[in-house]
Asks: 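The following block contains the structure, expressed as structure tokens.
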Amino acid sequence: MGKHIDRFRDLLEEVVDLNAAQAVLSWDQQVFMPPGGTPARAAQLATLRSLAHSKFTGSEMIDALEAARTELAELDPDSTGTRLVTEIGRLIEKQRKVPKEWVAEFARLTTLAHETWEKAKTEDDFASFAPELDRIFSLRRDYADFFKPYDHAYDPLLDDYEPGMKASQIDGLFERLRQEQVELVAAIAEVGPADDSALHQHFEVDRQWAFGEKVIKAFGYDFDRGRQDKSPHPFTTSFAIDDVRITTRFQEDFLSPALFATLHEAGHAMYEQGVSPDLGRTPLAEGTSLGIHESQSRLWENLVGRSLPFWTHFYPFLQKTFPTQLGEVDLETFHRAVNRVEPSLIRVEADEATYNLHIMLRFELEKALLVGDLTVNDLPAAWNDKFQEYLGIVPPNDSTGVLQDIHWSSGYIGYFPTYSLGNLIACQWWQVIRRAMVDLDSQIERGQFGELLGWLQENIYRHGKKFKPVELIERITGEGLSAGPYLEYLRGKFGKIYNLS
Ligand code: ZN
């Protein structure tokens, strides 16, 4: 790298350190901190955040960025130096377009709105949340306008989570998914959901923990560079490539939540652990987008962890772990149970086949609210109408309907589609992986994941944030985003499980 790029990288390393310090503090807050520590911790985090922001967008950084750009011509366009300047330079400039006053007002409003939302959800009182939600959408509209011209006001918001992606692309994908997924879910509903009573028994927490750990060790999550703890909401956090941690939570009366959350978070964590060491301590040393990240958590959780080959290997161990609960339950019944499909109210509890329908509904409502085609006061009714249309059920109240998610109260608008993109992208990779590894199923049946993890590291993980999501998808599949492989996967898998013709 040239000396100006080196200088730029040095400055970025300080920002990365400040961000890692924030991550440690917030991990501690969620895992160990006593409740009394909250106000002090909030102040500490705010100080670090503002220091990191000033360093990231300050004049010293801008000068270094501009100088670094003069050295680009001599470099390989895919080199770390080039990507630091182009990709991270783009982020710096994006942040600089947002006025300080907006940032302050947005922080103030979302802190308030979060509290209002929690109360409104508990009391099933949407009207009390409506004025602040209206203001959040209005601020988000202003935010989009900082990035004019755009095709759709949604685009600049989506770009924060999924760089380079546009609402029109999501429209196209969802158009296709909507019809076929609604049909599939309706066909499964006709057969009736699989019996999952085997999963609803008493399962001791320490044994759940031991089994989950055994599985993710076999996957290749590296405990020498990671650890697992308990927290109220499962998450993954990275302080460095060699220190990537996960958390999980347990339910004693239901086996699935902790088990699949552990596999899910391990998928996120293996992505972060797999970033190439030469990107270390740079902002490129992380997953490239939320959608690509979710493709990894879903791949390990669903494509591997809910598959028959996976359970062919692991079910005997699980039966040994819980002999009284599962000793008499056969493999096929268990596999059907972990793949139960049923339209349900709550997104985070939705199964593989219905999940995207929850996302589509939110995406469409967000877009309509953003451009003024829908008012916040009409939102609960619009939510229920779409729910009926897509899932065939209507929430009995707003608490389990329009008020269920934290995202809007936090100002995360444009975030939801990334969950669906994760499902789609995972299936696109999966088709390529199957061509590259013809004996994939039998490797999984033997509990061998080394070649699969190696493929993912080589093609995805090591690149970190060097390539935008769409670039990465094209490098690997030779084509763009597509809903085809996901629909094929769903039809194949659930057609078999539910004997659909
Ligand atoms: Zn996730």
Side-chain angles (χ1 to χ4, degrees), residues 23 26-27 30-31 158 160-163 165 170 212 215-216 219-221 226-239 244-251 256-275 285-307 310 338 344 346-360 362-363 404-408 410 412-430 453 456 460-461 464-465 469 472-473 481 486 489:
S26 94
W27 170 81
Q30 295 173 74
V31 174
L158 180 63
D160 281 352
Y161 309 112
E162 217 50 44
M165 197 84 68
I170 312 261
V215 174
I216 62 176
F219 280 175
Y221 173 63
R227 56 179 282 133
Q228 180 170 230
D229 293 276
K230 291 182 195 170
S231 72
H233 298 284
F235 67 96
T236 300
T237 184
S238 170
F239 309 147
V244 184
R245 307 185 187 187
I246 59 175
T247 70
T248 190
R249 69 171 159 196
F250 293 90
Q251 248 174 270
S256 296
L259 173 58
F260 290 106
T262 299
L263 310 196
H264 182 100
E265 298 308 327
H268 282 303
M270 289 189 290
Y271 185 5
E272 298 276 326
Q273 285 186 333
V275 173
E286 59 178 59
T288 189
S289 74
L290 293 184
I292 301 289
H293 238 298
E294 204 62 11
S295 80
Q296 291 316 297
S297 53
R298 300 274 170 177
L299 185 146
W300 289 101
E301 176 196 355
N302 291 332
L303 302 186
V304 176
R306 289 182 206 265
S307 72
F310 172 85
V338 298
S344 60
I346 308 296
R347 174 185 60 85
V348 295
E349 293 165 8
D351 54 72
E352 259 185 297
T354 56
Y355 192 91
N356 283 344
L357 300 172
H358 292 261
I359 299 302
M360 273 174 223
R362 286 160 176 77
F363 170 68
Q404 67 179 268
D405 294 305
I406 193 174
H407 299 61
W408 290 341
S410 308
Y412 294 156
I413 294 156
Y415 188 115
F416 282 119
T418 67
Y419 293 118
S420 285
L421 292 176
N423 289 330
L424 268 44
I425 296 165
C427 289
Q428 285 191 267
W429 311 134
W430 201 241
L453 181 61
L456 294 165
I460 303 169
Y461 301 175
K465 226 180 172 61
L472 199 58
I473 294 165
L481 253 173
Y486 172 73
Y489 162 78

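Whatever order the structure lists ligands and atoms in, that order sets their numbers, starting from 1. This is a predicted model, so every value here is computed, not measured. Computed from heavy atoms alone, side chains included, the values below leave out hydrogens, waters and symmetry copies.
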Asks: May I ask you to check whether E294 brings an N, O or S atom to under 2.8 Å from the Zn ion (ligand 1)?
Replies: yes

Asks: If we ignore hydrogens and angles and just use 3.5 Å, is the side chain of D405 paired with the main-chain N or O of H407 as donor and acceptor?
Replies: no

Asks: Could you tell me whether R245 and D229 make a salt bridge, using a distance below 4.0 angstrom between a side-chain N and a carboxylate O?
Replies: no

Asks: Taking atom types as modelled, is there a side-chain donor on Q30 or H233 under 3.5 Å from an acceptor on the other?
Replies: no

Asks: Quick one: does T247's side chain have a donor or acceptor within less than 3.5 Å of a partner on F235's backbone?
Replies: yes

Asks: Could you check which N/O/S atom of H264 is closest to the Zn ion (ligand 1)?
Replies: NE2

Asks: Can you tell me if, anywhere in H293, an N/O/S atom lies at a distance from the Zn ion (ligand 1) that is smaller than 2.8 Å?
Replies: no

Asks: Nearest to the Zn ion (ligand 1), which N, O or S atom of H268 do we find?
Replies: NE2

